[in-house]
Student: 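Dropping the structure in here first, questions after.
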There are 2 protein chains.
Amino acid sequence: MPLAMDVKDIDRLDKIIQRGRPIQSGEHLYRAGDVFSSIYAVRSGSIKTYLVDDEGVEQITGFYLPGEVLGFDGIDNTDHGCNVVALETSTVCEIPFNRLEELTLQIPTLQRHFSQLMSRQIKSDHQMLLTLSKKNAEGRVATLLSSLSHRYSRRKLSPNALRLPMSRMDIGNFLGLTIETVSRTFSRLQKENIIDVDGREVVINNHDRLNEICHKNR
Amino acid sequence: MPLAMDVKDIDRLDKIIQRGRPIQSGEHLYRAGDVFSSIYAVRSGSIKTYLVDDEGVEQITGFYLPGEVLGFDGIDNTDHGCNVVALETSTVCEIPFNRLEELTLQIPTLQRHFSQLMSRQIKSDHQMLLTLSKKNAEGRVATLLSSLSHRYSRRKLSPNALRLPMSRMDIGNFLGLTIETVSRTFSRLQKENIIDVDGREVVINNHDRLNEICHKNR
DNA sequence: TAATTATATAGATCTATGTCAAATGTTGCT
DNA sequence: AGCAACATTTGACATAGATCTATATAATTA
C-alpha cells in the first residue's frame with residue numbers, strides 16, 4: 001500500500017527544510033489534540049499512528065516506513081486527529097504546512113504531489129476496510145506480510161526476509177485480532193511452509209501461496 | 001462522519017460548472033478503471049462507493065448524502081479506483097479536476113477546501129477502521145445509525161426519523177456482517193426500545209442509549 | 001549471572017456471528 | 001389481480017476466533 005514519496009524528493013525537501021529530527025522508540029512525534037502545523041516523511045526507522053476513542057479503545061491506523069508520509073488527517077483542522085509514535089529509533093523530515101506554498105515555488109509539482117499522496121492514503125485505507133470487513137485471520141496476516149514485503153522491495157531491500165518493526169500486540173490491534181490468533185496464524189503459515197518465523201524475523205518462502213491466502217475470506 | 005461542503009459553495013460551483021446530471025437508482029456514475037477526470041458533490045439522493053478485489057469480493061467503502069463529496073481516490077492516477085452507484089434517483093455536481101485551477105481563481109479557498117475534504121475523508125475512514133476492527137455487531141449498526149442521524153440533522157432534517165437509502169445487504173457489506181446479523185441486531189435494538197424499525201424507516205427513540213451502544217466492543 | 005519483566009506460543013473452553021433453511025413481506029411486471 | 005423475483009426476518013446449528021490459563025522465550029535491570 002504505497003503512499004511513498006520519491007527518496008530524492010524527500011532529500012530535496014530535507015535540504016530546503018532542514019528539520020530532520022530523531023525520535024526514540026516509544027517516543028511520540030505528536031498526539032491527538034496537539035496543534036497541527038506539519039506533515040512528516042519518515043527517513044529511517046518506523047512509525048505507527050493510532051486513534052483512541054472516547055472509551056479509551058485504541059486502533060492502530062497505519063505503520064509507516066522510510067519514504068512514507070503521514071499527518072494528512074490534520075489538515076482540516078487546527079489540531080491533529082491521531083497519535084504518532086516511533087516503533088524504533090527513527091528520523092523524520094518535518095514539512096511545515098504553512099510553508100507549503102513557498103515550497104511549491106521551489107518544487108513546482110509539490111501541491112499536486114500532496115494531493116496524490118492523500119489520494120493514495122484514501123485508497124490504502126479503503127483496501128484496509130476490505131481486509132477488516134471480509135478477510136479471516138489468515139487473510140489479514142498474509143495481507144500485512146505481503147504489504148510489508150512490497151514496501152521493503154520498493155526500498156531495494158529483500159522482499160523475502162523481513163524484520164517486523166512492530167510487536168504481535170500491534171499486529172493484532174491493527175488487524176482486529178488478538179495476539180493469540182496472530183501467533184497461531186504465524187505458526188500455521190510456518191507449518192504450511194509458506195513462511196519461516198523467528199520472533200520478529202520473517203522469511204517468505206512462497207509468495208504465490210501467500211498471495212492466495214491474502215484473499216481468504218471468512 | 002462529515003465530509004460535506006457548504007450548500008452555498010456547491011451552488012456556486014454548480015453555477016460555474018453547469019454540469020449537474022441525474023442518475024437513476026442502480027446506475028453507475030463511474031466504475032473502477034474509468035478515466036479519472038472529475039470529483040462529484042452529491043446534490044440530491046444518495047450514492048454508494050465500492051471496491052471489487054481480484055476474487056470479485058465487493059466492499060462498500062462509503063455512503064454519500066447530499067452535500068458530501070466523493071471521488072478523491074482517483075487523484076493519484078489516470079483512472080478511478082472504485083465504483084460509484086446511485087442508491088436512488090440522485091443528482092450530482094461534477095467538478096472537472098483539470099478546471100480546478102481556473103476555478104480556484106473564482107473561489108480562492110477552493111484548493112484548501114479540497115485538502116480539508118480529503119483530510120476529513122481520511123479521518124472518517126480511520127474511524128471506520130476502528131469500527132470494523134474493535135466493535136461488535138451492535139456497536140457497528142449503532143455507529144452507522146448515529147452517523148446517518150448526525151448527517152441528516154446537519155441537513156436540517158430530523159435526527160430521529162430516518163429513511164435508510166440502502167438495503168440490509170448494503171449495510172451488512174459495509175459493516176462486515178451478514179444480512180441475518182444486521183436484521184437480528186435491528187430487532188434487538190427495537191426490543192430494547194432504542195429504535196423503531198419498519199423496513200427502511202428507522203425512528204431513534206433514545207440517542208443516549210444508542211451512543212452507549214456505539215462503543216460496544218467485542 | 002540471576003532476577004524481573006515483557007513478549008510470544010500453545011491448549012482448553014466459550015461465544016458471537018456465520019451458515020443453512022424456511023417463512024413472510026415487498027416490489028415490479030403482465 | 002396475480003405471479004415472479006427479490007428482500008427481510010426468524011430459528012437451528014456450526015465454527016472461527018475470543019477468552020482464560022499456563023508455559024516458554026526474550027529483553028531489561030540489578
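Throughout, a chain's letter reflects where its sequence line sits, starting with A, and its residues are numbered from 1.
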Student: Starting at atom CG of A/Leu177, determine the distance to atom P of C/dA8, rounded to an integer number of angstrom.
Tutor: 15 Å
Student: Enumerate all atom pairs, one protein N or O and one N or O from nucleotides 6-15 of chain D, separated by less than 3.5 Å.
Tutor:
unit_1: D/dT8; atom_1: OP1; unit_2: B/Arg168; atom_2: N; d: 3.4
unit_1: D/dT8; atom_1: OP2; unit_2: B/Arg168; atom_2: N; d: 3.2
unit_1: D/dT9; atom_1: OP1; unit_2: B/Arg168; atom_2: NH2; d: 3.1
unit_1: D/dT9; atom_1: OP2; unit_2: B/Arg168; atom_2: NE; d: 2.7
unit_1: D/dT9; atom_1: OP2; unit_2: B/Ser183; atom_2: OG; d: 3.1
unit_1: D/dT9; atom_1: O5'; unit_2: B/Ser183; atom_2: OG; d: 3.1
unit_1: D/dT10; atom_1: OP2; unit_2: B/Ser187; atom_2: OG; d: 2.4
unit_1: D/dG11; atom_1: N7; unit_2: B/Arg184; atom_2: NH1; d: 2.9

Student: So, using side-chain contact (heavy atoms from CB on, under 4.5 Å) as the criterion, who are the partners of A/Asp79 when residues are at least two apart?
Tutor: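 A/Asn77.
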Student: List in chain and number order the residues that pass side chain to side chain donor-acceptor pair (under 3.5 Å) with B/Asn206, two or more places apart in sequence or in another chain; answer none if no residue qualifies.
Tutor: none
Student: Does the separation of the ring centres of B/Tyr30 and B/Phe36 fall below 6.0 angstrom?
Tutor: no
Student: Starting at atom CZ of A/Arg188, determine the distance to atom P of D/dA16, rounded to an integer number of angstrom.
Tutor: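 After rounding, the reported distance stands at 9 Å.
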Student: It should be established whether B/Thr178 places a side-chain nitrogen or oxygen under 4.0 Å from OP1 or OP2 of nucleotide C/dT17.
Tutor: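 No, because none of the side-chain N or O atoms of B/Thr178 sits under 4.0 Å from OP1 or OP2 of C/dT17.
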Student: Among residues at least two apart in sequence or on other chains, which ones pass salt bridge (charged side-chain N to carboxylate O under 4.0 Å, His left out) with A/Glu94?
Tutor: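 Scan of A/Glu94 (salt bridge (charged side-chain N to carboxylate O under 4.0 Å, His left out), adjacent residues dropped) gives A/Arg19.
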Student: Indicate every side-chain donor-acceptor pair of residues 83-91 of chain B with a distance under 3.5 Å to a residue at least two apart or in another chain.
Tutor:
unit_1: B/Asn83; atom_1: OD1; unit_2: B/Ala32; atom_2: N; d: 3.0
unit_1: B/Asn83; atom_1: ND2; unit_2: B/Tyr50; atom_2: O; d: 3.1
unit_1: B/Glu88; atom_1: OE2; unit_2: B/Ser46; atom_2: N; d: 3.4
unit_1: B/Glu88; atom_1: OE2; unit_2: B/Ser46; atom_2: OG; d: 2.5
unit_1: B/Ser90; atom_1: OG; unit_2: B/Ser46; atom_2: N; d: 3.0
unit_1: B/Ser90; atom_1: OG; unit_2: B/Ser46; atom_2: O; d: 3.2
unit_1: B/Ser90; atom_1: OG; unit_2: B/Glu88; atom_2: O; d: 2.7
unit_1: B/Thr91; atom_1: OG1; unit_2: B/Ser44; atom_2: N; d: 3.4
unit_1: B/Thr91; atom_1: OG1; unit_2: B/Ser44; atom_2: OG; d: 2.6

Student: Just jot down the salt bridge (charged side-chain N to carboxylate O under 4.0 Å, His left out) partners of A/Glu27, sequence neighbours excluded, or say none.
Tutor: none
Student: Pull out every protein N or O sitting under 3.5 Å from an N or O of nucleotides 27-30 of chain D, one pair per line with the distance.
Tutor:
none

Student: What donor-acceptor contacts under 3.5 angstrom involve side-chain atoms of residues 163-173 of chain A, with partners at least two apart or in another chain?
Tutor:
unit_1: A/Arg163; atom_1: NE; unit_2: A/Glu201; atom_2: OE2; d: 2.9
unit_1: A/Arg163; atom_1: NH2; unit_2: A/Glu201; atom_2: OE2; d: 3.4
unit_1: A/Ser167; atom_1: OG; unit_2: A/Met169; atom_2: N; d: 3.4
unit_1: A/Ser167; atom_1: OG; unit_2: A/Asp170; atom_2: N; d: 3.1
unit_1: A/Arg168; atom_1: NH1; unit_2: A/Gly199; atom_2: O; d: 3.3
unit_1: A/Arg168; atom_1: NH2; unit_2: A/Gly199; atom_2: O; d: 2.7
unit_1: A/Asp170; atom_1: OD1; unit_2: A/Lys48; atom_2: NZ; d: 2.9
unit_1: A/Asn173; atom_1: OD1; unit_2: A/Ile60; atom_2: N; d: 2.7
unit_1: A/Asn173; atom_1: ND2; unit_2: A/Glu58; atom_2: O; d: 3.1

Student: If you fit an axis to the five pairs at each end of the helix from C/dT1-D/dA30 to C/dT30-D/dA1, how big is the angle between those two axes, to 10 degrees?
Tutor: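 Computed from the C1' atoms at both ends, the axes differ by 50°.
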Student: Between B/Arg140 (CZ) and C/dA16 (P), how many Å, whole number?
Tutor: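 In whole Å, C/dA16 P and B/Arg140 CZ are 14 Å from each other.
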Student: For A/Cys93, does its backbone N or O pair with a side-chain atom of A/Arg43 as donor and acceptor, under 3.5 Å?
Tutor: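 A pair under 3.5 Å: no.
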Student: B/Arg209: which residues meet the salt bridge (charged side-chain N to carboxylate O under 4.0 Å, His left out) condition with it, sequence neighbours left out?
Tutor: B/Glu192, B/Glu212
Student: For B/Ser149, enumerate each residue passing the side chain to side chain donor-acceptor pair (under 3.5 Å) test, keeping only those at least two apart in sequence or located in another chain.
Tutor: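 Per chain and number, B/Ser149 pairs via side chain to side chain donor-acceptor pair (under 3.5 Å) with no residue.
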Student: Name all residues meeting the ring-ring contact (aromatic ring centres under 6.0 Å, His included) criterion together with B/Phe186; count only those two or more places apart in sequence or in a different chain, and write none if there are none.
Tutor: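 Scan of B/Phe186 (ring-ring contact (aromatic ring centres under 6.0 Å, His included), adjacent residues dropped) gives none.
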Student: Given atom CG of A/Asn136 and atom P of C/dT19, what is their separation to the nearest angstrom?
Tutor: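 Going from CG in A/Asn136 over to P in C/dT19 covers 11 Å.
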